[in-house]
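The structure under discussion appears below in the form of structure tokens.
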Amino acid sequence: MILPPATLGMLGGGQLGRFFVAAAHELGYQVWVLDPDKNSPAAQIAERHFCVAYDDYAALDEFAAGCAAITTEFENVPAGTLDYLAKFVPVRPHAGAVAICQHRVSEKSFLRDNGFPHGPFLTVNNENDLKAAPASLFPAILKVARFGYDGKGQATVNNVEEALLAFGHFKGEQCVLEQRLPLDYEVSVVLARDENGRVACFPTGENQHTRGILDVSIVPARASGCVMSDAEDIAARIAEKLGYIGTMGVEFFVSRGQLLVNEMAPRPHNSGHYTLDACVTDQFEQQVRALCGLPLGEARAHSASVMVNLLGDLWYDGDTYREPDWAKLHALPNLKLHLYGKRHARPGRKMGHFTVIGNDPVQVQQAALAARAAIGIKD
């Protein structure tokens, strides 16, 4: 076990890294953050900030020399960086698992090759691949293989002609063409897995998205017990097959009653933010525990919860920039507000979230949606 007051390393400095730093501090650790953003939210509260590129090998040498173990909050950290650091210090999750999750073609191929349920897809390397696409795949979503998130790097296409046009807009980058499925609803499972293979799954959440960005997560999900149990089982088997150590999220579609894996995230997940306020152990403490070889905490929820994302749009009234009226949220005693310390608000940027907790799931949902409307979030 790696024990306090050891120094832990975090690659990436966004809000997920910030919550990791806070959790590590609570457990007695120090944290160094490596992130090229000088305004990194995680670096604001860390002991040291390496404000360098992820391939600055002189900085990586110094970073590794001072850290007892290293993790990441950002799946697009180059796998080569993780491989390099792993020569000197434990890196969890390992580069191979991150490489699969950060590349949509690798991710879909992993699901197919290991028998996990997924929707129909086609790997697109060039225009000829699209021209040969079966008509049954359409309507579809064309997604770039790398660096797409929150609806970025993807386009809905109804036929081959639209797919070719979108592929041109993506400058011919490798893509996947995924059949657009009729959705009953979406769920996700956030879990932690330790070096001994023990898995602790948090309760399955039901997710609602707006313009490709997570809007609301409801826990417990309004799904059958069978769907929730199956989702947790599949997520745990994915983590095992990856040899994963750390916290990860697995997103699912439920289409015509069938559970299908959508995406995997090799890090804590936005839909797992409710665990900060509604669970015995939250997803970031689990990340620290798995990284350091400590026993995983209990993942049980002690409250029903609804988490609502706060995007940068809230900071604007037309073209006028102004701070939202936080008094409307603080007036609710069972509402927990979390702001991420980001310097600039812009539309679509995740600036914070709030979670409403309580004993009655229906009342919690009503209170959360009322608070969402009161602060000015529009449907």
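None of the values given here were measured: they were computed from a predicted structure.
Counting heavy atoms from C-beta on, the side chains of M351 and R349 come closer than 4.5 Å. Between F252 and E186, every side-chain heavy-atom pair lies at or beyond the 4.5 Å cut-off. By the 4.5 Å heavy-atom criterion applied to side chains, L34 and L60 are counted as neighbours.
Between the S229 side chain and the G225 main chain, no donor and acceptor come within less than 3.5 Å of each other. Side chain of Y244 to main chain of A192: no donor-acceptor pair is present (N/O by atom type, distance under 3.5 Å, no hydrogens or angles). Distance alone, capped at 3.5 Å, places no donor-acceptor pair between the S40 side chain and the D37 backbone. A donor-acceptor pair is defined here as one N or O able to donate and one able to accept, closer than 3.5 Å; no such pair exists between the side chain of E240 and the backbone of A236. Judged purely by atom type and a 3.5 angstrom limit, H94 uses its side chain to pair as donor or acceptor with the backbone of L242. With Q283 contributing its side chain and H269 its backbone, the two residues share a donor-acceptor pair below 3.5 Å. Between the side chain of D184 and the main chain of G257, a donor-acceptor pair closer than 3.5 Å is present. Without hydrogens or angle criteria, H49 side chain to D35 main chain gives a donor-acceptor distance under 3.5 Å. In this structure, S303 contributes its side chain and N359 its backbone to no donor-acceptor pair below 3.5 Å. Under a 3.5 Å cut-off, the side chain of R92 and the backbone N or O of L291 do form a donor-acceptor pair.
When the options T204, N262, N207 are evaluated for a side-chain contact (heavy atoms from CB on, under 4.5 Å) with V187, the one that passes is T204. A side-chain contact (heavy atoms from CB on, under 4.5 Å) with V124 is found for one member of L130, V176, V144 and no other, namely L130.
Considering CD of Q154 and OG1 of T156, their distance stands at 7.0 Å, rounded to 0.5 Å. One finds the CD atom of Q287 at 5.0 Å from the OG1 atom of T247 (value rounded to the nearest 0.5 Å).
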Any chance you could lay out the side chain to side chain donor-acceptor pair (under 3.5 Å) test for Q208 and D215, step after step, and finish with the verdict? CA-CA 6 Å; Q208 299 172 2; D215 182 5; over 6 Å; no
Side chain to side chain donor-acceptor pair (under 3.5 Å) evaluation trace for E178 with H118: CA-CA 10 Å; E178 300 178 12; H118 62 281; over 6 Å; no
May I have the step-by-step check of side chain to side chain donor-acceptor pair (under 3.5 Å) for H273 and D282, ending in yes or no? CA-CA 8 Å; H273 285 344; D282 66 67; over 6 Å; no
Taking it one step at a time, do W315 and E323 satisfy side chain to side chain donor-acceptor pair (under 3.5 Å)? CA-CA 5 Å; W315 276 252; E323 193 74 16; 3.3 Å; yes
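Taking both residues in full, the closest heavy atoms of I357 and V364 are given as C-CG2, 3.7 Å, listed atom of the first, atom of the second, then distance. Closest non-hydrogen pair, F63 versus G9, comes out as CZ-CA, 3.6 Å.
Between R112 and E107, no side-chain nitrogen of the basic residue sits less than 4.0 Å from a carboxylate oxygen of the acidic one, so the salt-bridge criterion is not met. Classification of E173 and K143 as a salt-bridged pair fails, no side-chain N sitting under 4.0 Å from a carboxylate O. Taking the charged nitrogens against the carboxylate oxygens, R267 and E73 have no contact shorter than 4.0 Å, which rules out a salt bridge.
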Run the side-chain donor-acceptor check on residues 10-24: report pairs under 3.5 Å with partners two or more places apart or on a different chain.
unit_1: Q15; atom_1: OE1; unit_2: K342; atom_2: NZ; d: 2.8
unit_1: R18; atom_1: NH1; unit_2: P41; atom_2: O; d: 2.9
unit_1: R18; atom_1: NH1; unit_2: Q44; atom_2: OE1; d: 2.7

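A search for side chain to side chain contact (heavy atoms under 4.5 Å, CB included) contacts involving V219 returns P203, Y274, S305, not counting sequence neighbours.
For R198, the CZ atom sits in a packed shell: over 12 heavy atoms of surrounding residues, nucleotides or ligands are nearer than 6.0 Å. Other residues, nucleotides and ligands contribute over 12 non-hydrogen atoms within 6.0 Å of the CZ atom of R322.
Annotation: salt bridge (charged side-chain N to carboxylate O under 4.0 Å, His left out) contacts involving residues 289-301, sequence neighbours excluded, comprise E285-R289, E298-R300.
Q102 and N76 share no donor-acceptor pair across their side chains, judged by distance under 3.5 Å alone.
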